[in-house]
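First comes the structure, then the notes that go with it.
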Amino acid sequence: MKFNYIEDVSKFEGQKITIRGWLYNQSSKGKIHFLWVRDGTGIIQGVMVKGEVDDLVFGLYDQLTQESSIEVTGTVRKDQRAPGGYELTLSDMKIIQIAQDYPITPKPHGSTFLFDHRHLYLRSKRPHAILKVRNEIIWAIRSYFYQNHFVLIDSPILTGAVGETASTLFETQYLDEGKAYLAQTGQLYLEAAIASFGKVYCFGPTFRAEKSKTRRHLTEFWMIEAEEAFYNNEDNMDLQEDFLIYIVNWVLEKCQNEFKELERDISALEKIKKPFPRISYDEAVERLQKAGSEIQWGSDLGGTDETILTKMFEKPVFVYNYPKACKAFYMKPHPDRKELVLCADLLAPEGYGEIIGGSERNDDYDSLVLRIKEENLPLDAYKWYLELRKYGSVPHSGFGLGVERTVTWICGLSHIREAIPFPRTIYRLYP
RNA sequence: UCCCGAGUAACUCAGUCGGUAGAGUAGGUGGCUGUUAACCACCCUGUCGCUGGUUCGAGUCCAGCCUCGGGAGCCA
């Protein structure tokens with residue numbers, strides 16, 4: 001049987017249509033009932049007047065409860081009084097299922113309660129809007145890479161080798177082969193793939209068994225990583241800048257309604273244009289110390305440092321060339337200052353902080369072996385990775401963008417857990 | 001792991017000086033022809049996180065524990 005979607009109602013003014021969905025809210029004045037129906041594409045108010053519908057249908061209203069599934073038929077009418085501009089004058093209604101004691105009312109709830117009921121909370125307006133923006137961000141990402149001739153290389157999630165030992169790994173038994181680890185990054189595999197495809201990217205879940213309790217961390221999150229042969233650190237930053245602007249323009253075009261629902265001030269996003277400021281780590285430390293931070297040269301930027309720094313600019317800011325000591329082993333040493341590596345983090349504005357980490361990779365066999373030994377990493381585990389430096393090694397760079405952090409920033413959220421359908425945090429594995 | 005904070009009805013919270021447990025919302029019943037978090041009247045709702053202690057008497061004071069939230073560290 002044919003039915004229609006709420007997003008299309010304006011095309012059917014004056015016509016009778018059928019909508020299938022869920023009862024979002026209801027109210028009655030006795031002889032006139034109001035039903036708010038949502039179907040995933042929108043919300044519309046249905047109006048049922050006693051005497052204008054069959055008494056049996058009119059009486060069904062009394063059985064309705066919030067989130068009951070129903071099918072309503074009515075005539076589309078333009079009406080100033082209706083939010084959205086259109087409403088349905090109902091002529092028929094069928095009940096599909098009566099919901100009982102739906103826990104999430106259209107009233108304030110605490111975040112713990114809402115995320116305990118995430119399987120239901122997904123239906124509410126706010127998560128609906130956020131996840132629609134997430135959907136568009138991901139489409140923008142894939143579109144950008146496709147248009148720019150990057151090839152998608154899916155990297156393994158179960159790995160034997162350790163990527164970045166700095167973080168903690170989730171461990172699991174891998175049949176009879178011993179321990180396996182859930183991937184923290186696909187980068188090393190992308191570095192293998194550039195010698196076949198030139199420019200590649202991967203997009204998948206990554207896992208960090210860090211007991212972080214902050215609004216910026218998840219234990220399972222989605223990361224986009226790109227790797228480009230023959231790009232140096234500068235080229236890499238140019239690419240990231242272009243990439244991020246593409247994403248922002250895309251969502252500004254597609255997500256106006258969602259931003260309105262989220263009360264996101266989009267003027268902040270409209271300022272995201274080339275060029276992004278680029279400051280060296282040296283300069284960042286200087287600026288931070290002047291601003292009152294306790295940071296010492298040599299240590300990584302803390303969360304508050306990032307916040308201070310990003311509030312100095314209205315656009316995302318690159319901080320490049322960090323001390324070797326606070327970055328991963330695979331980054332290329334600075335040719336003139338061996339205490340630095342060629343890298344850049346991109347910090348999102350409005351206090352959001354790091355959303356991208358990127359670097360030029362060490363393409364020299366001997367110096368890479370040296371770094372692995374310095375970090376006390378098992379050389380064996382990196383045997384295949386090192387071989388890439390033996391067979392046609394080229395300068396190359398890459399970066400990783402945290403999807404949830406990007407969604408958090410673009411939507412103007414205060415906590416990352418809202419940016420993913422079913423968040424995994426230190427104490428949450430359910431639902 | 002460390003530092004701070006919270007835990008009272010299904011939800012959000014109040015609970016003074018230690019003296020028999022409260023409100024709003026949700027739910028139920030009735031009323032209402034334009035509601036938008038409707039409104040009006042009435043009804044229902046309790047392991048006060050747990051254990052022990054002090055006390056004639058503990059939601060309230062003390063000790064320990066548990067759970068959760070935020071931050072630090074670490075990172076995207």
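Since this is a predicted model, take the numbers as computed values, not measurements. Below, chains carry the letters A, B, ... as their sequence lines are ordered, and counting in each starts from 1.
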Exercise for review: Record whether the side chain of A/Thr112 comes under 3.5 Å of the base of B/C68 through a donor-acceptor pair of N or O atoms.
Suggested key: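 Answer is no: no donor-acceptor pair is held.
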
Exercise for review: Classify the side chain of A/Glu87 and the base of B/G34 as holding, or not holding, a donor-acceptor pair under 3.5 Å.
Suggested key: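 When only heavy-atom distances are counted, A/Glu87 does reach the base of B/G34 through a donor-acceptor pair under 3.5 Å.
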
Look at all strands and tell whether [X] reaches a base, only sugar-phosphate, or nothing, counting heavy atoms closer than 4.0 Å.
X: A/Tyr427; answer: sugar-phosphate
X: A/Phe113; answer: sugar-phosphate
X: A/His415; answer: sugar-phosphate
X: A/Thr105; answer: sugar-phosphate
X: A/Asp345; answer: nothing
X: A/Ile356; answer: sugar-phosphate
X: A/Glu52; answer: nothing
X: A/Thr206; answer: nothing
X: A/Pro103; answer: nothing
X: A/Thr214; answer: base

Could you work out which one of [options] sits closest to the side chain of [X]?
X: A/Arg208; options: B/G71, B/A76, B/G69; answer: B/A76
X: A/Gln45; options: B/U25, B/G71, B/U35; answer: B/U35
X: A/Glu210; options: B/G70, B/A38, B/C75; answer: B/C75
X: A/Arg405; options: B/U33, B/G69, B/A76; answer: B/A76

Review point. Is there ring stacking between A/Phe34 and B/G34, where the centres must be under 5.5 angstrom apart and the planes under 30 degrees?
Key: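 Stack criterion not met.
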
Close N or O pairs between protein and nucleotides 40-42 of chain B (under 3.5 Å):
none

Check your understanding: What is the minimum heavy-atom distance between A/Ser155 and A/Gly186, and which atoms define it?
Key ->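 A/Ser155 and A/Gly186 have their closest heavy atoms at OG-CA, 3.5 Å.
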
Point to revise | Integer-rounded Å distance: B/C75 P and A/His217 NE2 | key: 9 Å

Review point. Starting at NZ of A/Lys211 and ending at P of B/U1, how long is that distance when rounded to a whole Å?
Key: 5 Å

Exercise for review: For B/A38, take OP1 and OP2 only and decide whether either is under 4.0 Å from a side-chain N or O of A/Asn25.
Suggested key: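 True: A/Asn25 side-chain N/O within range (under 4.0 Å) of B/A38 OP1/OP2.
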
Check your understanding: Mind checking whether A/Phe329 and A/Tyr382 have ring centres under 6.0 Å apart?
Key -> yes

